[in-house]
Amino acid sequence: GLSLRLVQQLEGHLDRVWSVAWSPSGRTLVSCSGDKSCRLWENSSASASSPNWRCQAVLEGGHNRTIRACDWSPDGKLLATASFDATTAIWEIVGGEIENVATLEGHDNEVKSVSWNSSGSLLATCSRDKHVWIWDVQPGNEFECMSVLAGHTQDVKCVTWHPTRDILVSASYDNTIKVWTEDGDGDDWRCVQTLAEPGPGHTSTVWALSFNKDGSRLVSCSDDLTLMVWDTSEDLYDASADQTLWKHVAMISGYHDRTIFSVNWSRANGLIASGAADDSIRIFSEDREQSSAELGGGTFSMLAKQEKAHSTDVNCVQWHPTNPRILASAGDDGFVKIWEVIGDLSFVC
Amino acid sequence: MTPGLINANPVVHETKARSARTENTDENSVDEFDVLEIFDILFQVSICVTWLVLFVEKDPEHPYTLEQLNVVSEDAIDLDNKASHVTVTFTPTVQHCSMATVIGLCIRVKLMRCLPPRFKVSPSPVFQLFFKVDIRVAPGSHASEAAVNKQLSDKERVAAALENPHLVEMVERCLQERDE
């Protein structure tokens, strides 16, 4: 088994912290909060596991309501922040200074999630207005709406891109996960698959999604207290609507006993971390012993649990992009926490 | 369009007499809440019938409390002190009460303001609510029971609602003390 050691508790936000996101290099962690600000945290030593994390900058004035989510562009130069004020702000890091360079308007109400594609050419946002927007990133910090994706029947909680291909996945209060790809002519997007009941699917709000490193697997988490793992190795470019292309692999249940708000699949160690309203963080790995691919299913085991990771709800967990032992979390207690995984990781890496 | 009377003649229930509670003068004692105490908090949630039932503005003629309307009763409060967990089950006065989510929001806001944080954290963000609070409508009491419960338990929606000036004003009016 593994355990988590608290490296440092980062204090500064004046309201609940909703999300954290690591810059691609892992040097900077950004957190966003109900206090309408983002904070950038950096470690003054070379080691992420030393307790020398400090707040380097506070981003204020970009939003006048809660900032719900944030995401770095793949080159680490741009930061996108999604807010309940119905806008998405773009921040540029130039010579150590951070500037608000664009504000993306269009959603009718709260924007709940934002995600850059793997090349940084596209940005996706989603909202309580039930829509997903895809923005074309143009020179000079111009963002043009390419497509408005309708299909969800309730607010959309999360969007995330496949790590290598231009495939977008969205999760909703309507209990479904939808998979979107570009049409042949490149101008429009369509839903090629809905991962939901009556097949294997979540029975309540789906809060978050995360792909593994090569994009062959996706994990989702829900208010139904389960995590679900999906086989996403199938190429979707030839998809026709009635095919089942991405398949359900496993359901991980019986661990969290309140809403699971966040799940993140590490690209450095292959482990899945989850954070929930039961105040705990849990870590899972796929059992390698079984020839699960042949059986069409997989089994997952819990390797660690951190009870009372925060004094109240854990809203977000994010693995460090390169260091397999570092995990960040955000909570309703207003704190960001940096954790170190203790134990043998050789068998998972 | 004139707003229709959803429930023009609400049944008004007698409220129970309560024995005086002894004041706890020891400031260092651990806060141990009990059901009655939480019920007392909700008892103060004086929601005008105009808001709750008639859905007509500016008619504060019938300032009944939640208890008098039997919206919340002591039996409907489930408190687990050890787990710092409260479940409040309320009964909307009519099956199609469109105000059920607002009532739920009022109950949550009132509890957020009255329940003490269980742990002192420094520097303490003042908003902290360390009680887990679940608010539901009573089984069979509302036509859209599952939908109402789902909405009331979605903390992102609750957070967004509490940033909405119109909803906040409505909640504030609901929570106004009757004798102000």
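Letters A, B, ... are given to chains in the order of the sequence lines, protein chains preceding strands, and every chain is numbered from 1.
Residues B:Asp154 and A:Lys157 have side chains in contact (heavy-atom distance under 4.5 Å, counting atoms from C-beta outward).
With sequence neighbours left out, the salt bridge (Lys or Arg N to Asp or Glu O under 4.0 Å) criterion links A:Glu197 to no other residue. Under the side chain to side chain contact (heavy atoms under 4.5 Å, CB included) criterion, A:Arg54 pairs with A:Gln8, A:Asn52, A:Gln56, sequence neighbours left out.
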Practice item. Report the C-alpha separation of A:Gln154 and B:Gln151 in whole Å, then their side-chain angles, then the decisive distance to 0.1 Å, and conclude whether the side-chain contact (heavy atoms from CB on, under 4.5 Å) test is met. Key: CA-CA 11 Å; A:Gln154 295 285 342; B:Gln151 190 154 345; over 6 Å; no
task = Applying salt bridge (charged side-chain N to carboxylate O under 4.0 Å, His left out), run through B:Asp134 and A:Arg258 and close with a yes or a no.
result = CA-CA 11 Å; B:Asp134 289 320; A:Arg258 292 181 70 85; 3.0 Å; yes
| query | Does the pair B:Lys155 and A:Thr259 meet the rule for a side-chain contact (heavy atoms from CB on, under 4.5 Å), with working shown? | reply | CA-CA 10 Å; B:Lys155 78 168 184 191; A:Thr259 307; over 6 Å; no
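Closest of all the heavy-atom pairs between A:Gly34 and B:Glu163 is O-OE2, 4.5 Å. When every heavy atom of B:Asn164 is checked against every heavy atom of A:Arg65, the shortest pair comes out as N-NH2, 4.4 Å.
Only the side chain of A:Phe261 comes within contact range of chain B, with heavy atoms under 4.5 Å apart. Neither the backbone nor the side chain of A:Asp35 comes within less than 4.5 Å of any heavy atom of chain B. Interface residue B:Ala147: only backbone heavy atoms are found under 4.5 Å from chain A. Interface residue A:Asp313: backbone and side-chain heavy atoms are both found under 4.5 Å from chain B.
If you run salt bridge (Lys or Arg N to Asp or Glu O under 4.0 Å) between B:Lys132 and each of A:Asp278, A:Asp279, A:Asp257, only A:Asp279 comes through.
A donor-acceptor pair under 3.5 Å links the side-chain atoms of B:Lys150 to the main chain of A:Tyr173, judged by distance alone.
Distance check: B:Glu156 CD to A:Glu110 CD gives 8.0 Å after rounding to the nearest 0.5 Å.
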